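Take a look at the structure below.
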There are 2 protein chains.
Amino acid sequence: MAQVKRLRVDGQRNRERIVAAAAELVARDGAQASLEEIARQAGVGSATLHRHFPSRQALLEAVFRDGVAQLCARAAAQPGKEPAAELAAWLEELTVYTATHRGLAFALLGGPAGLTAEDICCTDMLRDVLNVLVARASSRGALHAGATTEDLMMLANAIAVANEKDPLTARRVLRLALTGIRP
Amino acid sequence: MAQVKRLRVDGQRNRERIVAAAAELVARDGAQASLEEIARQAGVGSATLHRHFPSRQALLEAVFRDGVAQLCARAAAQPGKEPAAELAAWLEELTVYTATHRGLAFALLGGPAGLTAEDICCTDMLRDVLNVLVARASSRGALHAGATTEDLMMLANAIAVANEKDPLTARRVLRLALTGIRP
DNA sequence: TTGACAAACGGGGTCCCCCTCCGTATTCAA
DNA sequence: TTGAATACGGAGGGGGACCCCGTTTGTCAA
């Protein structure tokens, strides 16, 4: 599950520098941060950046990979409450996290575009976790019939992308969406 | 309520050409359509485009102004059903419309940025309509206490922007969000 | 240790985009 | 008709994405 082909040490070093620089600049400028500037800050040529990350999506995936993995791990550690509540709680956590990290929502919504197998990972990790929660909730009849994993992920990401930098509003609106608009 | 200062006839003509070209290219390329290309297709210099529309937002507002106005007018013509249902129905209509017209959701989410008084209009028109519907519903206790006009508009637009070109999914997810995820 | 080869690098070029300056052309009111 | 006010657009500065290809740097077998 590691790299398909091990990188040379200089390649590995540059890759890490690029991701670190990207994390910083994406936090400052959002998903549209300049790739040239990221390369400059990482101290590499722009060609090197493009060789390591064939698309902006791929770079964003790499930036957020660890954080998303932690978020997913925490889902497994949830106490086994009522399934729908458990699902709702995790979606809320996801939304707050995504809205807090500029660029992440965009990366998750963008979907696979020029990503190599090991790059597509954030999205898949999240989908896997959600699949489990959704299955558990719907097997007990606790979930609306028409609600798919895709729908819920899209909903959470849409709300997050519209509320970057405002996780509190994002959480409020997600709660509204999970409970419905009636009293 | 017309133009603050009447344009010269050549100015008016060019403005219309620009909006027409923009409508076409935004439909094709989305909200990020090239302004240069729009100017080229309209047969004007790019300076002319920028003079008429100081920002991308302003141009998008102009492109969608008429359509949004019609949508708002239709809200008034709704039969007076149960208020929450009326609100839900119109939000659904809004979402489908927005998801159908590439770039519109982006324009509505972007908010006022460098818009002059007569440019800010789509957003305000929608907000006014929603305010009425929300007030009517909540005065009869048919609306969740924490739900504001801003929340609902944001929710509808977020779903639409995440589902450009897929109005059916947009509608499904909005319905889910309005009724909640439980059965 | 060495040297040949694969792997990775990055300067610099191409093409596109946004935006503005300013000299020129058009309109309109008197 | 005419001259001021208004609008036009070519051209250029500044920046970004992406790629070509000659050069440098690791790696590994001998």
Side-chain angles (χ1 to χ4, degrees), chain A residues 2-22 24-26 28-63 103 106-107 110 113-116 118-119, chain B residues 2-22 24-26 28-63 103 106-107 110 113-116 118-119:
Chain A
Q3 303 293 347
V4 171
K5 199 172 205 314
R6 224 176 87 238
L7 284 175
R8 247 167 52 173
V9 293
D10 52 347
Q12 183 60 38
R13 182 169 38 76
N14 279 339
R15 189 190 157 94
E16 281 162 13
R17 282 184 183 166
I18 291 168
V19 172
E24 193 170 324
L25 291 179
V26 167
R28 196 189 70 191
D29 300 335
Q32 300 308 320
S34 156
L35 300 181
E36 297 275 333
E37 191 179 355
I38 290 171
R40 235 175 288 136
Q41 163 135 352
V44 305
S46 66
T48 297
L49 185 149
H50 285 283
R51 198 174 320 108
H52 280 287
F53 303 101
S55 71
R56 183 179 293 275
Q57 287 293 330
L59 178 54
L60 291 173
E61 289 266 351
V63 167
F106 175 89
L115 300 187
T116 65
E118 76 263 26
D119 286 326
Chain B
Q3 304 292 347
V4 170
K5 198 170 205 315
R6 226 176 85 238
L7 284 175
R8 249 169 49 178
V9 294
D10 52 348
Q12 184 59 39
R13 182 168 37 77
N14 279 339
R15 188 189 158 94
E16 282 162 12
R17 281 184 186 167
I18 290 168
V19 172
E24 192 170 324
L25 291 179
V26 166
R28 195 191 70 189
D29 300 337
Q32 301 308 319
S34 157
L35 300 180
E36 298 271 337
E37 192 177 354
I38 290 171
R40 233 174 290 135
Q41 165 135 351
V44 305
S46 67
T48 296
L49 184 149
H50 286 283
R51 200 175 316 109
H52 281 286
F53 303 100
S55 71
R56 184 180 292 276
Q57 287 293 331
L59 178 54
L60 290 174
E61 289 266 350
V63 167
F106 175 90
L115 300 187
T116 65
E118 76 263 27
D119 286 326

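Everything numeric in this text was worked out from a predicted model, so none of it was measured. Because only heavy atoms are used, hydrogens play no part in the values below, and waters and symmetry mates are left out as well, while side chains stay in. Order of the sequence lines fixes the chain letters, A, B, ..., with proteins taken first and strands second; residue numbering starts at 1 for each chain.
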Handout entry: Atom-pair distance (CG on Asp10(A); P on dT27(D)), nearest Å
Key = 7 Å
Practice task
Test side-chain hydrogen bond (donor to acceptor under 3.5 Å, both in side chains) on Glu16(B) and Gln12(B) and set out the steps.
Solution key: CA-CA 6 Å; Glu16(B) 282 162 12; Gln12(B) 184 59 39; 2.9 Å; yes
Problem - Any donor-acceptor N/O pair under 3.5 Å between dT27(D) base and Arg8(A) side chain - result: no
Handout entry: Rounded distance (nearest 0.5 Å) linking atom CD of Glu36(A) with atom NE2 of His50(A)
Key = 6.0 Å
Exercise for the section: Go through DNA chain C in 5' to 3' direction and return only the first and the last nucleotide with some atom under 4.0 Å of chain B's heavy atoms. Expected result: dC17(C) to dC28(C)
Exercise for the section: Answer yes or no: is there a donor N or O on one side and an acceptor on the other, between the side chain of Arg56(B) and the main chain of Ala33(B), under 3.5 Å? Expected result: yes
Practice task
Check every strand shown and say whether Arg56(A) touches a base, only sugar-phosphate, or nothing at a heavy-atom separation below 4.0 Å.
Solution key: sugar-phosphate
Completion exercise
So, with a heavy-atom separation below 4.0 Å from DNA chain C, the residues of residues 43-50 of chain B are Ser46(B), Ala47(B), His50(B)
Got a list of protein N/O to nucleotides 13-15 of chain D N/O distances below 3.5 Å?
none

Exercise for the section: Using the closest heavy atom to pick a nucleotide of DNA chain D for each, name whichever of Glu36(B) or Asn14(B) lands nearer the 5' end. Expected result: Asn14(B)
Handout entry: Ile18(B) side, atom CD1; Leu49(B) side, atom CG - distance, nearest 0.5 Å
Key = 4.5 Å
Exercise for the section: To the nearest 0.5 angstrom, please state how far the OG1 atom of Thr48(A) sits from the CZ atom of Arg15(A). Expected result: 13.0 Å
